[in-house]
Every structure is written in C-alpha cells, then in structure tokens.
Amino acid sequence: MSKRSREESNEEIPVKKSKTSEGPPKSITIENSFSVLSWDENTTESGPIDANRKVTRALASQKYEGTIMSGTSQVNYIMYYRNASTASFLGYEVFTGEVNGIEGTLVFEHGGKFENGVASSDFTLTGATGNLEQYKTGKGSYETNEEMKGSFKMVLGGWD
C-alpha cells in the first residue's frame, strides 16, 4: 500500500481559527490620552449677552497617540459662558485615523462643561465611515487641563 500526501488525496487540512479569522471582539474599551493642538474661539455674531455672559464658537484640532487609537480630529463647539470661568458646551468631533488596527472616520457628539480650568465631556458615537463603520455604538468621557492635555475612556462596539 503506497502512502499518498494529503495534497494528492484531496483531503482538507484542518485550519485552526485565530482571533483575527473569527473577527474582532464584540466591544473594545479604549483608555488613552490626547493633545489639543489648536483652539480658536470667538464670540458669536449675536455678541456678548452682558458683561459676564456670552455665547462663543470654538474650533479645535486634536491629536491622539496610542497603541489602540491614533489619529487626528477636528471639533466644533458652541459654548455658553455663565461667567468668565464657567461654561457649558455642545459639539461634534470628526476623528480620522486608526482604532485597533482599523482605519476610517468616527463622529462623536459632545456635551460638557468647563469649570476651574478643567473641561470635561460625555460623548456618544453618532457616525462612522470606512472600515470603522463596523462600530455601531460608542460612548465615553474625557477631561482636559489648562495645558491642553487630556485623557479619555471610551467603549466602542455593537457590530453584527
């Protein structure tokens, strides 16, 4: 009886599925830091409300550097100052880069405050493009200091 190779007998060689062949995990938690590269804030066309209160519009550029999330973003904020050192804000951030080795764009909706030199926000994922479209849900929070350095924690997930 002659020995035949697996190739000659057309027998399939079993393949062990690795984590990458099974697809990404159902959710990913990211804790990272970022830097605010630029901040351009101006009082809106309606002008100041009075000597202490005003509405402003701000455009910020940010840089994310880390092993799980890296890239840049542009953030548009509308801010209401109750006094010179306290404000609340709403905004949208468009992040372009890489998350867990996957490239694309994520859009976040922010709602936050500025008090005692610290800006903080809760945010939710509202859209994605490119290969990052697999992320259907996301939420997180961040905090920045007066040196324009920040940290955040976020959970992304919910793909099919």
Side-chain angles (χ1 to χ4, degrees), residues 6 11-42 44 54-83 85-160:
R6 287 185 176 200
E11 181 183 340
E12 285 193 39
I13 300 170
V15 176
K16 288 186 178 181
K17 289 187 176 183
S18 69
K19 208 171 202 175
T20 54
S21 64
E22 294 172 0
K26 292 292 181 193
S27 69
I28 183 170
T29 300
I30 303 167
E31 293 185 60
N32 205 358
S33 61
F34 65 96
S35 299
V36 179
L37 301 176
S38 67
W39 182 271
D40 183 23
E41 184 176 355
N42 297 293
T44 62
K54 63 182 177 179
V55 176
T56 65
R57 181 178 299 125
L59 175 62
S61 296
Q62 299 179 157
K63 184 173 185 175
Y64 293 83
E65 293 182 293
T67 56
I68 296 177
M69 184 172 177
S70 62
T72 59
S73 72
Q74 295 289 315
V75 191
N76 285 281
Y77 291 116
I78 298 292
M79 305 175 73
Y80 170 65
Y81 284 86
R82 293 182 295 284
N83 58 51
S85 62
T86 305
S88 56
F89 59 85
L90 300 170
Y92 284 91
E93 175 178 6
V94 179
F95 166 85
T96 303
E98 190 174 288
V99 176
N100 205 27
I102 303 165
E103 293 183 359
T105 300
L106 299 172
V107 180
F108 299 103
E109 182 178 287
H110 289 269
K113 63 184 178 181
F114 175 77
E115 291 180 316
N116 302 317
V118 176
S120 60
S121 173
D122 291 325
F123 56 88
T124 58
L125 178 68
T126 58
T129 66
N131 291 327
L132 291 176
E133 280 185 299
Q134 67 182 323
Y135 294 108
K136 305 294 185 201
T137 62
K139 64 181 180 176
S141 61
Y142 79 78
E143 192 171 279
T144 62
N145 59 29
E146 289 181 325
E147 287 79 39
M148 309 279 258
K149 302 287 184 195
S151 61
F152 70 93
K153 182 175 182 177
M154 167 174 53
V155 177
L156 293 173
W159 52 87
D160 301 328

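Computed from heavy atoms alone, side chains included, the values below leave out hydrogens, waters and symmetry copies.
With rounding to the nearest 0.5 Å, the separation of OG1 in Thr137 from NZ in Lys26 is 11.5 Å. Remark: Asn131 CG to Glu103 CD distance equals 7.5 Å, nearest 0.5 Å. Between the CD1 atom of Ile78 and the CG atom of Leu90 there is a distance of 8.5 Å, given to the nearest 0.5 Å. Residue Thr96 holds its OG1 atom at 8.5 Å from CG of Leu106, rounded to the nearest 0.5 Å. Taken from OH in Tyr81 to CZ in Phe89, the straight-line distance is 9.5 Å, to the nearest 0.5 Å. Going from atom CD1 of Ile28 over to atom CG of Asn100 covers 3.5 Å, rounded to the nearest 0.5 Å.
Side-chain atoms of Arg57 and Asn42, non-hydrogen and from C-beta on, never get closer than 4.5 Å to each other. Between Ser73 and Val75, some side-chain heavy-atom pair lies under the 4.5 Å cut-off.
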Problem set entry | Residues Phe108, Leu125; criterion side-chain contact (heavy atoms from CB on, under 4.5 Å); working and verdict | CA-CA 5 Å; Phe108 299 103; Leu125 178 68; 4.0 Å; yes

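Under the salt bridge (charged side-chain N to carboxylate O under 4.0 Å, His left out) criterion, the residue pairs touching residues 64-82 are Lys63-Glu65, with sequence neighbours excluded. Among residue pairs with one or both ends in residues 86-101, none qualify as salt bridge (charged side-chain N to carboxylate O under 4.0 Å, His left out); sequence neighbours excluded.
Using bins of under 30°, 30° to 60° and over 60° for the plane-to-plane angle, the ring pair Phe152/Phe34 lands in the tilted bin.
Counting only distance, with no hydrogens or angles, the side chain of Asn32 and the backbone of Met69 share a donor-acceptor pair below 3.5 Å. Put simply, the side chain of Lys136 gets close to the backbone of Glu133: a donor and an acceptor are under 3.5 Å apart. Checked by atom type and distance alone, the side chain of Ser85 never pairs as donor or acceptor with a backbone atom of Asn116 at under 3.5 Å.
The shortest non-hydrogen separation linking Ser141 to Asp122 is CB-OD1, 3.4 Å. The nearest pair of heavy atoms linking Ala60 to Trp39 is CB-CE3, 3.6 Å. Between Thr144 and Gly150, the closest heavy-atom pair is CG2-CA, 3.7 Å.
No option in Met154, Lys153, His110, Gln62 other than His110 meets the side chain to side chain contact (heavy atoms under 4.5 Å, CB included) test with Tyr142.
Using modelled atom types, one finds no donor on one side chain facing an acceptor on the other under 3.5 Å when comparing Ser88 with Lys113.
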